[in-house]
Structure formats: C-alpha cells, structure tokens
Amino acid sequence: MNKFYCILLSLFILSCSEKPKQEAIVVNKNYAEPLIKVNKKLIEKESRDIDNWLKRHNIAAANTGTGLRFAVIKKGNGNQAKLGQFATINYSISLLDGTLCYDSKKTGPETFLIGQDHVESGLHEGIQKMQVGDKCLLIMPPHLAHGLLGDDKKIPPLSCIVYEVELLQIKDAQ
C-alpha cells in the first residue's frame with residue numbers, strides 16, 4: 001500500500017511541476033484588417049459627432065488624446081483630485097441628442113474611488129483634471145462610457161455621453 005501512495009504522490013508532484021503550455025494566438029488577417037478599418041471609421045464618426053455637438057453648443061473643449069473632451073464651466077479653488085482618492089460629485093448624464101439619462105439631483109451625490117470603482121473610465125480620467133469646486137463637461141465617446149452594449153437601462157449601445165460634473169469633495173483613501 002505504501003508503494004502505491006509513493007507512486008501516486010510522485011505522479012502528482014511531476015504533474016504540478018510541469019509548466020503549462022502556452023498556446024499561440026493566431027490572428028487571421030482576413031478578419032483583423034477589416035475589423036480595424038471598421039473600428040477606425042466608427043471612432044472617426046464618434047469624434048465628428050462630439051465635435052459637432054461642441055460646435056452647436058459653442059463650447060471650446062480640450063481633447064485629452066483618448067477621445068475625452070473636457071471643458072471647464074466653473075473654476076473651483078480646492079485641491080486637485082488624484083488617483084486613489086475618493087471623489088464626491090454631483091452629476092448629470094445626457095446623450096448627445098439632449099436626452100437626460102441620470103441626474104444626481106434625484107439620487108444624491110455619488111462617491112467613488114478614483115481609478116478603481118466601477119464608473120465610466122472617462123469619468124476616472126476627467127475627474128483627475130479637476131479640483132474641488134470645479135464644474136466641468138466631460139464628453140465621452142462610447143469606449144470611455146458604456147461601450148458596445150450601453151448600460152442596459154437608459155444609455156443605448158455605442159452612445160456618446162455628456163457628463164456635467166461638479167467635484168464637491170476629495171478624500172484620501174485610508
């Protein structure tokens with residue numbers, strides 16, 4: 001019986017010490033190139049839609065390079081928000097056509113951990129450009145907002161959104 005357990009233990013140790021084989025991911029160029037072209041066209045269209053919205057509303061906004069447009073409506077005088085801090089905000093979220101989707105006037109201010117909590121990546125990026133007291137517009141293309149699927153509630157798939165956000169408070173994470 002001991003011999004059986006020794007053999008079983010040896011097999012177990014050998015199987016655990018083996019490095020897992022990594023499979024190569026093969027990208028079929030027949031599919032990759034057309035998808036890249038479609039994505040580029042989609043990004044260009046979203047960018048034009050945002051630029052047209054900004055022009056119609058006579059708003060000058062900075063483009064951060066990720067596609068986020070950022071415009072200061074009211075300048076605050078508090079500390080700059082940083083990655084890893086808790087931010088408390090008032091906000092409203094609308095579509096480019098003006099449809100109001102969410103508003104903190106109804107739900108109350110929201111607090112989230114910058115860089116970690118489950119809010120739009122465009123909000124994480126934009127809030128770090130703000131200081132306490134700032135009120136800003138963050139216009140987000142879908143890849144920084146709710147992406148291909150929307151939010152299953154009020155924001156449709158592939159929607160650009162307009163965040164009007166006011167940074168009320170920042171607090172270091174303990």
Side-chain angles (χ1 to χ4, degrees), residues 34-173:
L35 284 175
I36 291 169
K37 285 180 184 177
V38 167
N39 281 325
K40 281 183 180 180
K41 287 183 187 230
L42 188 60
I43 289 169
E44 289 169 2
K45 181 197 176 305
E46 295 161 357
S47 185
R48 277 192 313 274
D49 290 346
I50 291 171
D51 289 341
N52 289 335
W53 185 90
L54 289 166
K55 190 175 182 178
R56 277 193 319 273
H57 290 85
N58 199 28
I59 297 171
N63 187 340
T64 67
T66 63
L68 177 70
R69 304 307 199 291
F70 179 87
V72 177
I73 299 170
K74 181 187 109 191
K75 191 73 178 140
N77 58 3
N79 292 331
Q80 184 84 25
K82 296 178 189 153
L83 194 64
Q85 291 181 316
F86 285 99
T88 302
I89 61 170
N90 274 328
Y91 64 92
S92 67
I93 303 171
S94 302
L95 302 177
L96 291 182
D97 69 5
T99 304
L100 179 64
C101 299
Y102 300 100
D103 193 337
S104 66
K105 289 176 187 169
K106 295 178 183 178
T107 60
E110 181 175 338
T111 300
F112 66 97
L113 185 57
I114 302 170
Q116 294 183 20
D117 279 348
H118 296 287
V119 296
E120 298 87 346
S121 61
L123 182 57
H124 287 290
E125 180 183 352
I127 208 77
Q128 292 176 72
K129 297 184 177 308
M130 296 176 68
Q131 61 188 52
V132 174
D134 280 357
K135 191 171 189 177
C136 297
L137 285 178
L138 306 176
I139 301 94
M140 301 175 198
H143 70 274
L144 297 177
H146 294 276
L148 292 172
L149 303 176
D151 74 347
D152 289 332
K153 295 175 189 155
K154 297 181 180 184
I155 299 175
L158 290 172
S159 291
C160 297
I161 62 173
V162 179
Y163 242 103
E164 186 173 315
V165 61
E166 181 180 14
L167 182 55
L168 303 173
Q169 176 184 358
I170 53 173
K171 185 175 162 187
D172 289 332

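Each residue takes its place number in the sequence, starting with 1. Here the structure is a predicted model, which is why all the values come from computation and not from measurement.
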message: Quick check against the 3.5 Å criterion: does Gln85 have a side-chain atom that pairs as donor or acceptor with the backbone of Asp172?
response: no
query: Can any side-chain N or O of His143 pair as donor or acceptor with the backbone N or O of Thr66 at less than 3.5 Å?
result: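 Yes, the answer is positive, given that a donor and an acceptor are paired below the 3.5 Å cut-off.
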task: Quick one: list whatever passes side-chain hydrogen bond (donor to acceptor under 3.5 Å, both in side chains) with Tyr91, sequence neighbours left out.
output: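 With neighbours one apart ignored, the set is empty.
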message: Going by the rule side-chain hydrogen bond (donor to acceptor under 3.5 Å, both in side chains), which residues pair with Asn58 if we only count those two or more places apart in sequence or in a different chain?
response: none
- prompt: Picking from Leu96, Ile59, Asp49, what satisfies side-chain contact (heavy atoms from CB on, under 4.5 Å) with Leu54?
  reply: Ile59
message: Among Val119, Leu168, Leu123, exactly one meets side-chain contact (heavy atoms from CB on, under 4.5 Å) together with Ile89. Which residue is that?
response: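 It is Leu123, the one option of Val119, Leu168, Leu123 that forms the side-chain contact (heavy atoms from CB on, under 4.5 Å) with Ile89.
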Flag if over 12 foreign heavy atoms under 6.0 Å of CG, Asp103: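 Yes - once you tally the heavy atoms of other residues, nucleotides and ligands closer than 6.0 Å, there are more than 12.
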message: Looking at Asp97, I'd like to know if its CG atom is crowded, meaning that more than 12 non-hydrogen atoms belonging to other residues, nucleotides or ligands lie closer than 6.0 Å.
response: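 Check passes, neighbour count above 12.
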Any non-hydrogen side-chain atom of [X] less than 4.5 Å from a side-chain atom of [Y]?
{"X": "Leu95", "Y": "Val162", "value": "no"}
{"X": "Leu68", "Y": "Leu138", "value": "yes"}
{"X": "Leu149", "Y": "Pro157", "value": "no"}
{"X": "Phe70", "Y": "Cys136", "value": "yes"}

message: So, using salt bridge (Lys or Arg N to Asp or Glu O under 4.0 Å) as the criterion, who are the partners of Asp51 when residues are at least two apart?
response: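 In terms of salt bridge (Lys or Arg N to Asp or Glu O under 4.0 Å), with neighbours along the sequence ignored, Asp51 is linked to Arg69.
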task: Would you please name every residue forming a salt bridge (Lys or Arg N to Asp or Glu O under 4.0 Å) with Asp134, sequence neighbours left out?
output: Lys75
Residue pair Asn90, Val165: steps toward the side-chain contact (heavy atoms from CB on, under 4.5 Å) verdict: CA-CA 6 Å; Asn90 274 328; Val165 61; over 6 Å; no
task: Sequence neighbours left out, what pairs pass salt bridge (charged side-chain N to carboxylate O under 4.0 Å, His left out) with at least one residue falling in residues 139-148?
output: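 As it turns out, there is no salt bridge (charged side-chain N to carboxylate O under 4.0 Å, His left out) pair with a partner in residues 139-148 once direct neighbours are skipped.
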- request: Ignoring hydrogens and angles, state whether a donor on the side chain of Thr64 or Glu125 is under 3.5 Å from an acceptor on the partner side chain.
  value: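 Thr64 vs Glu125: donor-acceptor pair found between side chains.
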message: Would Phe86 and Ile170 count as a side-chain contact (heavy atoms from CB on, under 4.5 Å) here? Give the steps.
response: CA-CA 5 Å; Phe86 285 99; Ile170 53 173; over 6 Å; no
field: Centroid-centroid distance, Phe112 to His118, less than 6.0 Å
entry: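 For Phe112 and His118, the ring centres are not under 6.0 Å apart.
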query: How would you list all residue pairs meeting side chain to side chain donor-acceptor pair (under 3.5 Å) that involve residues 155-164, not counting sequence neighbours?
result: Glu120-Tyr163, Lys135-Glu164
- request: Would you check, one step at a time, whether the test side-chain contact (heavy atoms from CB on, under 4.5 Å) holds for Gln128 with Leu83?
  value: CA-CA 7 Å; Gln128 292 176 72; Leu83 194 64; 3.7 Å; yes
Would you name the heavy atoms of [X] and [Y] that are closest together and state the gap between them?
{"X": "Ile127", "Y": "Ala87", "value": "CG1-CB, 4.3 Å"}
{"X": "Pro141", "Y": "Ile139", "value": "CD-O, 3.9 Å"}
{"X": "Cys101", "Y": "Lys154", "value": "O-CD, 2.9 Å"}

- request: Under the side-chain contact (heavy atoms from CB on, under 4.5 Å) rule, what do Leu158 and Leu42 come out as? Steps first, then yes or no, please.
  value: CA-CA 10 Å; Leu158 290 172; Leu42 188 60; 4.1 Å; yes
- request: To the nearest 0.5 angstrom, please state how far the CD atom of Glu46 sits from the SG atom of Cys160.
  value: 5.0 Å
